[in-house]
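All ligand and atom numbering here is 1-based and tracks the order in the structure.
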Amino acid sequence: MIIILDYGSQTAELIARRVRECHVYSEVVPHTMSLDEIKKKFHPQGIILSGGPSSVYDQDAPHIDPAILNGSQIPILGICYGMQLMAQVAGGEVQRGQKQEFGKAHFYIDDNFDLFEGLWMEMTVWMSHGDSVIKMPPGFNRIGHTENTAVAAMANRNKRQFGVQFHPEVVHTPKGFDIIRNFVYKVCNCQPSWNMESFVRDQIREIRNTVKKDKVLLGLSGGVDSTTLAALLHKAIGDQLTCMFIDQGFMRKGESDRIVTMIRENFRMNLVHVNAADRFYKALEGITDPEEKRKKIGNEFVRVFETEMVKLNSDHKFLAQGTLYPDVIESAVVGVAKTAVKIKTHHNVGGLPSNMKFQVLEPLKRLFKDEVRRLGVELQVPDFIVWRQPFPGPGLAIRVLGPVNRERVHILQEADRIVMEEVKKAGIYRKLWQAFAVLLPIQTVGVQGDKRTYSNTVALRAVTSEDAMTANWAHLPFEILESISTRITNEVPEINRVVYDITNKPPATIEWE
Ligand code: XMP
């Protein structure tokens with residue numbers, strides 16, 4: 001394995017992911033670990049020092065156990081701050097804030113052995129630094145530069161230590177993955193042996209060690225994250241796991257039944273299916289403000305959970321959550337952060353009463369969405385879940401704009417079913433991040449069957465996105481839009497108008513509320 005020492009970079013986990021893409025296991029660990037601890041706990045074949053927001057001259061600048069650089073014999077790659085720290089500790093010199101570089105830069109390779117093997121001598125890289133290495137430590141040679149940074153990459157081949165000032169892990173460094181792969185295979189001599197099968201094996205062992213004979217409760221939403229986690233936990237601890245599916249009454253048409261049947265038939269796990277629709281509809285009576293809706297739904301989740309726990313006579317020591325890595329970083333970022341934080345407050349212990357004491361289990365928290373999907377496939381989670389588009393915790397309640405009642409949710413379910421059917425029929429379901437209908441709180445005039453109508457409007461929303469932080473409205477072919485519109489107005493009598501949302505995120509969000 002290769003470990004990443006974390007110096008506070010937003011991309012530390014991305015480095016680990018890139019290494020895992022090379023089929024070598026990788027984990028991010030605190031930079032405070034000593035060489036002894038690292039050797040004892042991990043036996044890594046390589047160490048990567050991540051970037052970070054600090055300057056080596058800051059008073060509390062994060063440090064490194066000098067033994068890692070001096071006597072470990074373990075190959076090291078320092079990235080950005082990691083390279084500067086390496087230079088400083090090994091006897092070089094770092095200059096503070098003279099020539100800053102942010103964004104794309106042209107990088108010129110001076111020496112293309114091992115780390116840069118197979119690469120063109122000039123490439124685009126992503127830079128984000130204020131400080132620079134101006135004097136390399138003894139034993140190091142320059143292996144690359146940019147116009148602004150004389151030492152943009154350095155190497156001490158005898159010690160197998162390398163530093164790059166740019167970020168190879170981000171997509172803005174198009175050849176960055178080749179550099180990481182070179183480090184993993186050519187410098188560290190790792191073998192590509194890690195895959196989802198070994199991840200499952202390791203996780204099962206770890207879950208069993210942590211949980212022992214105790215019980216685990218998991219809030220199941222039917223999404224890919226919580227269902228995959230359920231499958232993993234069930235494989236690890238079988239009947240010690242209880243899943244709780246709280247149906248708030250705002251699911252897509254037929255979705256609750258599909259999820260419950262799938263869990264019962266495919267996995268035979270302990271499932272508490274709570275039909276709490278009445279409570280949720282009651283809680284939303286008279287409410288139209290989007291934030292208030294979200295809050296009410298969140299609170300109701302907690303209350304239902306509490307009631308059910310009492311019924312279960314619970315002695316569950318652990319609460320499992322399908323937290324993914326992006327949830328962890330997003331919660332630190334303004335904008336999507338708000339969503340991520342809210343997502344979590346619906347289900348996690350943060351929102352639970354203080355007399356319920358759980359230990360939290362988050363076995364997926366190092367993974368990205370596509371890794372969870374591969375894990376789901378490995379654990380035989382059915383395709384319709386693995387590839388399910390994201391669906392918000394508050395469900396259709398935030399897609400029925402204005403007042404929420406059974407009748408309006410029913411109208412939306414029917415329209416939304418048609419959107420789903422047509423999108424799947426056209427073979428574009430997986431290409432879209434999300435596609436759905438929104439029921440608007442306005443009525444417009446129409447003519448249906450020679451009669452004047454005055455009824456509801458739905459908006460269609462279809463977006464493409466990498467991670468929901470930004471999104472583009474999908475340029476759906478007119479034919480698909482037309483068949484959706486025709487079917488909705490023909491099959492859902494309460495709707496006489498269909499419009500298409502052509503706004504990106506930002507400035508709009510994906511959901512309307
Ligand atoms: P927005 O509307 O903020 O949505 O652009 C970004 C992504 O998050 C989903 N979303 C939620 N998911 N609970 C969730 O589990 C929520 O409260 C929630 N709100 C938005 C949304 O569907 C999109 O994929």
- Query: Checking side chain to side chain contact (heavy atoms under 4.5 Å, CB included) for the pair Q248/N275: CA distance, chi angles, key distance, verdict?
  - Reply: CA-CA 7 Å; Q248 5 79 325; N275 187 343; over 6 Å; no
- Task: Measure across A435 and V423 and return the closest heavy-atom pair with its distance rounded to 0.1 Å.
- Result: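 Looks like CB-CG2, 4.1 Å.
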- Can you tell me if W512 has a non-hydrogen atom under 4.0 Å from ligand 1? no
- Within-shell test, R294 vs ligand 1, heavy atom, strictly < 4.0 Å: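 It does; at least one heavy atom falls under 4.0 Å.
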- Query: Considering G223, S221, P392, which one's heavy-atom position lies nearest to atom 18 (C) of ligand 1?
  - Reply: P392
- Query: Tell me the salt bridge (Lys or Arg N to Asp or Glu O under 4.0 Å) pairs involving residues 235-244, sequence neighbours left out?
  - Reply: none
Proximal atoms of ligand 1 relative to [X] (non-hydrogen, under 4.0 Å):
X	result
K505	1 (P), 3 (O), 5 (O), 6 (C)
T509	1 (P), 2 (O), 5 (O)
P394	13 (N), 16 (C), 17 (O)
W433	24 (O)

- Counting heavy atoms not belonging to E491, are there more than 12 under 6.0 Å from its CD? yes
- Item | R208, CZ atom: more than 12 neighbouring heavy atoms under 6.0 Å |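 Yes, the 6.0 Å shell around CZ holds more than 12 heavy atoms from other groups.
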- Query: Relative to each other, are the rings of Y25 and W194 parallel, tilted or perpendicular (30° and 60° limits)?
  - Reply: tilted
- Any idea how H234 and F267 line up, ring-wise: parallel (<30°), tilted (30 to 60°), or perpendicular (>60°)? perpendicular
With only distance considered, is [X] within less than 3.5 Å of ligand 1 through an N or O on each side?
X	result
G393	yes
R399	no
I510	yes

